[in-house]
Every structure is written in structure tokens, then in C-alpha cells.
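Numbers restart at 1 for each chain; the letters A, B, ... are given by sequence-line order, proteins then strands.
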Protein chains: 2
Amino acid sequence: MPQIGALLRKLIADGQVSDPASPRGKLLAAAAKLFRQNGYAATTVRDLGAEVGILSGSLFHHFKSKEEILFGVMSEVVVAMEAALRAALSEAHEPRAAVRALIATELAFIHGKTSNATAVLLYEWRALNSSRQAQILTGREAYFAMWQQTLKAAQQAGLVAVEPEYLRQLIHGALTWTAVWYKPSGALSLDGLADRCLLMALSERP
Amino acid sequence: MPQIGALLRKLIADGQVSDPASPRGKLLAAAAKLFRQNGYAATTVRDLGAEVGILSGSLFHHFKSKEEILFGVMSEVVVAMEAALRAALSEAHEPRAAVRALIATELAFIHGKTSNATAVLLYEWRALNSSRQAQILTGREAYFAMWQQTLKAAQQAGLVAVEPEYLRQLIHGALTWTAVWYKPSGALSLDGLADRCLLMALSERP
DNA sequence: ACTATTACCAAGCAAGCGCTTGGTTTAAAA
DNA sequence: TTTTAAACCAAGCGCTTGCTTGGTAATAGT
């Protein structure tokens, strides 16, 4: 199980992710919350200002535009997800454990402390102009490559029946959708949820 | 395989779904297209009017508000989906075929002629106020119940390993996400896609 | 032919939108 | 103590938004 908290702190120290104590960090956190809650288009810069306790115009001292705030939320979570998955995979020494690392890492982002930003990344990327969409996509390439490589290894080990390129998208969809229905406070733990996902993804039973 | 086209015609005759030749039907189709393409919030009533060739103010002769147009798009596809699934299940006489009917029907809606309205239903329901959200949810209860019942039967037949209530959500997520990545014009046919989904959903191999 | 209904246009209003500008406060560096 | 830069306020501009109003064609029923 990857310790995302410690990893985030390292990324903050490296300057790859904004310090949540800084004005920029606070603003991004507030934006992630509101964008997730009400959607990007339905969130006004006045809402954003009120959430952090400043006037709307003052936002533009930190960001050039509202869309740049959205882009900031997304690109930081992209960086964090890649680092987290890389760390988790480095501790998985067999195909089955590696597939579980894929699932557990994504679930940790969807339902952990970064859940707001992750949800925004998954559900609001259409709000970016095409140039910034392409940037986000480029930033996610390494992440997708790790999925592809892991699932290919699982296939060669005879663990999965569906072709990796399709299975990747199907699992990804199943995990993404948990943001809509799964409540961590309910009867099913995050680990239990990961178990079910793994059970569905793999054709060979333990 | 359900014949959705014929089924839609029956629903139109019954008055449960708007005739696509009527002004209301044309408007709903145009709205589904634009809401899917650009999102509900980013679509203006002027865009909508231009799409059907009338001025924006004239829209309000047919609908009381923009949100009511969105609600119209959603509630009609809800009705059609339930009817389609009911018809498909009535032809499936064993658990495995029934599960395939669930998958094939949902895929048919996501990627067939009703793809725009279906995508809007799946991705824009947050744009409704809570009262209308509740109405849509009520309208989908029968649909979800058929899923639940079918998966429970599959479980009792030893076909699936994951509990029906979780499996339902996981499959639903995987199918929903195909709207983002799957192209019917590509190498994988809709039937092939359904095969992969079934392969992933079931733990017993044919 | 007359009537009623449906479908639309032309014009615009009030409100809210993202963002700008010029200036003030705060706090750290020199 | 002076300088410099970051953070923010106060006010509002130009534009777009959903929607309204009063009136005119078109269509269909009788």
C-alpha cells in the first residue's frame, strides 16, 4: 500500500506540487472542491474568492485566467498520480501484486485526500481548450504506459483474458465510476473495494 | 440482440417519446447533440436556437426553461432504456444470456442512435436541480432493479464472483466509460466489445 | 370562410459573468 | 530604516446569459 501522504510532501519540497499553506495551494484546493461540487462552468470566480476569503479580482494576481486555475488543479494531480503509481509498482514483485497496485493507487486518489482534484481531472477535462487538453494528455502518457505494461505482463502470466488495451479502459472506467457511488464511510472498505475490482479484472482465481 | 429502432417507433406512437419530426423532437435531438458536445452549462440558448434554425427566444414557446430541455432529453432516454432492457431480457432464457443482454443493451444506447441523449443522461445529471434529479432517479429504479435481479440470478448460477450490488456498479462504470474511448468505426465491433465486457464480468469461462 | 391554435420573430431587459485597473496594505529583504 | 515585492481591495467595464414581451405568420379544424 503506497503512503501517498509522505509522497506528496516530497513533491511539495521539490516544488512539483503547490504547498497547501501557500496562497496558490489554498486556492487550488478550494478550486478543486468547488469545481467538483458544482462543476467548472457553474463555479464563478466570485465563488472561488469567497471560498478562500478574498475578492474575485484578487484571484488574477495568482492566475491569469479561470481556466488556468482548472489547469493548475489538473496538472498537479497528474504529477502526483504518476509518482504514486511508480512508487507502488516498485514494491510489487509479481504480476498479480502489480495489478493490485494499479487498482489500489487509483482508488486511493479517487477517494483519499486528493479526491476533489482527481474527480476534476476525470470529469472536467473537456472544459480546457484543446491545447491544454493536449498538455494534460501528454502528462498522463507515462501513467498509462505503466498500466499497459503491467497488464501485458499479467496477460503473459495467464492472469487476464481480455486484451490489455481494452481491459485497461474497462477497469479504468469501473474505477472512475466509483467516485459516483462508493462511500468510504460505508460497509465496504477501500481495500475490500480493491479486492472486488481485482476479482473482476483477473480471470484466474487465487 | 434487441431492435431498438422498432422499439423507439412504438414508444413514439404511444406518446412516451417525442416524435423526431415534431418541433419538440427536433429540439431535443439538437439539445442532446450540443449538450454532449460542449456540456450543458457551456451551451447557450442561442446555440440551441441556431442549431434548429429559430431564434433563442422562440425556444421558450416549447419549454419553460433551459433546464427543462435538459430534463426532457434525460427523461425520454430513461423511458427508452427501460423498455429496451425489458424487451431484451424477455428473450434471454438463461443467466449468461441475460447478463449479456444487460451489457449489449447499455452499449447499444451508449453508441447507437441515442448516444447523444444517453451521454447527456450519464454525464450531465448534476446540472439538474435536486428535485428533477430525484425524478430521474425514480424513473431509473426499474432499470436498476432488472440489473440487480439478473446479476443475482447469475450469482446463484455460480457465474459471478463479486457481489451483485458491487458488480453492477463496476460493470456500469466500465460501460459508461466506453463513451469516452470506444469508437464504433474502429477495429473492435460493438459485439466484440460486449464479448470483452462479458468476459471480464463473469468468473466462469464458457 | 372563419376561427383557434401553434409556431415563430424582433427587440431588449436585468442579472451575472470573467477580467482590468489603480491604488493600498503587509511583510520580508537589504 | 529604507526598499522591494507579494497580496489584496474597491470599483467597475464590456459582454453574455437566460428569459420576457408584444406582435405576426402559418397551419389546421369546423
Quick one: [X] [atom1] to [N] [atom2], roughly how many Å, whole number?
X     : N      : atom1 : atom2 : answer
B:D47 : D:dT17 : CG    : P     : 7 Å
B:N38 : D:dT17 : CG    : P     : 12 Å
B:F63 : C:dC8  : CZ    : C1'   : 15 Å
A:I54 : C:dT26 : CD1   : P     : 16 Å
B:L34 : D:dT17 : CG    : P     : 13 Å
B:L70 : D:dG18 : CG    : P     : 13 Å
A:L59 : D:dA7  : CG    : C1'   : 12 Å

Taking only N/O atoms, report every protein-nucleotides 18-24 of chain C pair under 3.5 Å with atom names and distance.
from, atom 1, to, atom 2, distance (Å)
C:dG18, OP1, A:K66, NZ, 3.0
C:dG18, OP2, A:V45, N, 3.0
C:dG18, N7, A:R46, NH1, 3.1
C:dG18, O6, A:R46, NH2, 3.0
C:dC19, OP2, A:K66, N, 2.7
C:dC19, N4, A:S56, OG, 3.4

ask   = Between B:R126 and B:E67, does at least one N-O distance fall below 4.0 Å, as a salt bridge requires?
value = no
key: From CA spacing to verdict: side chain to side chain donor-acceptor pair (under 3.5 Å), A:Q169, B:T178   = CA-CA 8 Å; A:Q169 299 277 21; B:T178 65; over 6 Å; no
task = For B:H62, check ring pair (Phe, Tyr, Trp, His ring centres under 6.0 Å) against everything at least two apart and list the hits.
result = none
key: side chain to side chain contact (heavy atoms under 4.5 Å, CB included) partner of A:F71, chosen from A:R132, A:Q133, A:K66   = A:R132
message = OP1 or OP2 of C:dC9 versus the side-chain N and O atoms of B:H61: is any pair under 4.0 Å?
response = no
inquiry  = In terms of relative ring orientation, are B:H111 and B:Y182 parallel, tilted or perpendicular, with 30° and 60° separating the classes?
reply    = perpendicular
task = Provide the full list of salt bridge (Lys or Arg N to Asp or Glu O under 4.0 Å) pairs with a residue in residues 165-186 of chain B, sequence neighbours left out, each pair given once.
result =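 Checked against salt bridge (Lys or Arg N to Asp or Glu O under 4.0 Å) - neighbours excluded - no pair reaches residues 165-186 of chain B.
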request  = Identify which nucleotide among D:dC8, C:dC9, C:dT6 has an atom closest to any side-chain atom of B:L55, counting heavy atoms from C-beta outward.
outcome  = C:dC9
